[in-house]
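The model shown is predicted, which means the values in this text are computed figures rather than measured ones.
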Amino acid sequence: MAAYSETFKLVELDSSFYAIQPVKNYEKWVSQTPDDFGFIIKAYQGMTGHLREKKNYFDTPEEMFAAFHKSLAPVIEANKLTMTLFQYPPWFDCTRENVEKLRVTREFMKDVPCALEFRHQSWYSPQFRDKTLDFMRKEGWIQTVVDEPQAGSGSIPIIAQATSDEATYVRMHGRNVGGWHKSSDPNWRKLRYLYRYSTEELTEWRDILLDLDKQSKHVYVAFNNNSAKDATPNALELMELLGQPIPEGAPWPPQEEASEPKQATHADEPKQEKLF
């Protein structure tokens, strides 16, 4: 963490998705990073419906959210909590029941900043897109703008609109369409994020980010295309395109070969329903 924070001022923690982390872990990470460093902490999978039939080690939602709040305390006290991230699974579609789940979740999180990422295309279908964004504004959710393969209903398009005046979060997942849904492959996670963004693609994102910067006070970007160590060079190149200084000692320019881009597929059309 200490070495990483010499180059970047933001990190997304994924370990919190698999288990609510002990307070001592956050105390350690906070101590290893400078005062201006920020953490984006991913919500525990039991809080976002990923467990399905797997065991949840908490008896009630109240107990689960209380444990999550307790774990965040060292990061909040150090003024290093940028936001939490609630990423919902591909089967979490746009239904009345799920809208209510989001309301309840946001209430559980109190005044903690929360970013929301969908993985089902129905939330941003033509009939629901504006209502989804209005709902997020009303309920206090930070929009997570994503770049990911367009591979059916389990992926969403780029929706470059802020829902918070304070912050917008951007996650760059790559565009490896062929590997996005290969969950049966033992190397699925590596295949999914095997992608190197081209300079042309990053230039397009530079323009999107400059527009988002007019909508929110802060725009945070994280690269998740890390299977072949493409995230760091892509992040540094984007910083350069934005006119931001590259920290001394950063691995720039990159030496790795670019990953092979893939082609997108057409998305499924969701059904219309009044939800909000």
Side-chain angles (χ1 to χ4, degrees), residues 1-16 26 28-42 74-85 113 115 117 142-148 158-175 193-259 261:
M1 190 70 75
Y4 173 92
S5 63
E6 292 178 0
T7 301
F8 301 111
K9 297 302 181 185
L10 179 77
V11 70
E12 178 188 298
L13 292 180
D14 193 51
S15 56
S16 54
Y26 288 120
K28 177 183 176 181
W29 296 327
V30 163
S31 70
Q32 292 176 335
T33 52
D35 292 342
D36 60 349
F37 193 82
F39 292 86
I40 294 177
I41 299 176
K42 203 168 182 180
V75 191
I76 295 174
E77 291 169 4
N79 198 31
K80 292 185 179 182
L81 180 64
T82 302
M83 65 184 73
T84 55
L85 170 64
E117 179 178 344
I142 295 168
Q143 164 79 324
T144 303
V145 183
V146 297
D147 186 287
E148 64 189 25
I158 297 170
I159 306 295
Q161 287 195 25
T163 57
S164 164
D165 294 336
E166 183 66 23
T168 296
Y169 188 30
V170 176
R171 299 183 82 211
M172 308 290 286
H173 296 308
R175 300 178 179 180
Y193 300 112
L194 184 62
Y195 191 84
R196 170 71 69 88
Y197 284 97
S198 67
T199 298
E200 181 181 5
E201 290 168 335
L202 293 176
T203 300
E204 292 173 357
W205 264 102
R206 175 201 62 190
D207 296 339
I208 294 172
L209 292 172
L210 291 174
D211 183 61
L212 286 170
D213 190 52
K214 299 173 184 177
Q215 303 178 45
S216 287
K217 183 178 179 181
H218 302 287
V219 179
Y220 302 96
V221 184
F223 282 82
N224 197 26
N225 57 325
N226 50 15
S227 296
K229 301 181 180 180
D230 291 322
T232 293
N234 273 168
L236 292 170
E237 183 175 7
L238 181 59
M239 289 171 64
E240 186 175 68
L241 289 170
L242 287 165
Q244 298 178 355
I246 304 298
E248 185 177 351
W252 184 255
Q255 300 299 316
E256 297 89 358
E257 291 296 322
S259 305

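Between Phe37 and Phe39, the ring-plane angle classifies as perpendicular under the 30° and 60° cut-offs.
No side-chain heavy atom of Val145 sits less than 4.5 Å from a side-chain heavy atom of Val219. Here the side chains of Leu85 and Ile142 are not in contact, with every heavy-atom distance at 4.5 Å or above. Inter-residue side-chain proximity for Thr168 and Gln215 is flagged as unmet; no heavy-atom pair is nearer than 4.5 Å. Met172 is not listed as a side-chain neighbour of Glu201, based on a closest heavy-atom distance of 4.5 Å or more. Within the 4.5 Å cutoff, no side-chain heavy atoms of Lys80 are placed close to those of Pro74. Residues Met239 and Trp252 form no side-chain contact, since every pair of their non-hydrogen atoms from C-beta on lies 4.5 Å or further apart.
Residue Thr232 holds its OG1 atom at 9.0 Å from CG of Asn225, rounded to the nearest 0.5 Å. Between atom CG of residue Asn224 and atom CG of residue Asp230 there is a gap of 12.0 Å, rounded to the nearest 0.5 Å. Atom OG1 of Thr199 is separated from atom CG of Asn234 by 8.5 Å, given to the nearest 0.5 angstrom. Residue Tyr169 holds its OH atom at 15.0 Å from OG of Ser164, rounded to the nearest 0.5 Å. Note that CG of Leu10 and OG1 of Thr82 are 5.0 Å apart. Values are rounded to the nearest 0.5 Å.
A donor atom on one side chain and an acceptor atom on the other are not found under 3.5 Å apart for Gln32 and Ser5. In the model, Glu237 has no side-chain atom that pairs as donor or acceptor with a side-chain atom of Tyr197 under 3.5 Å.
Taking every heavy atom of both residues into account, Val221 and Leu209 meet most closely at CG2-CD2, 3.7 Å.
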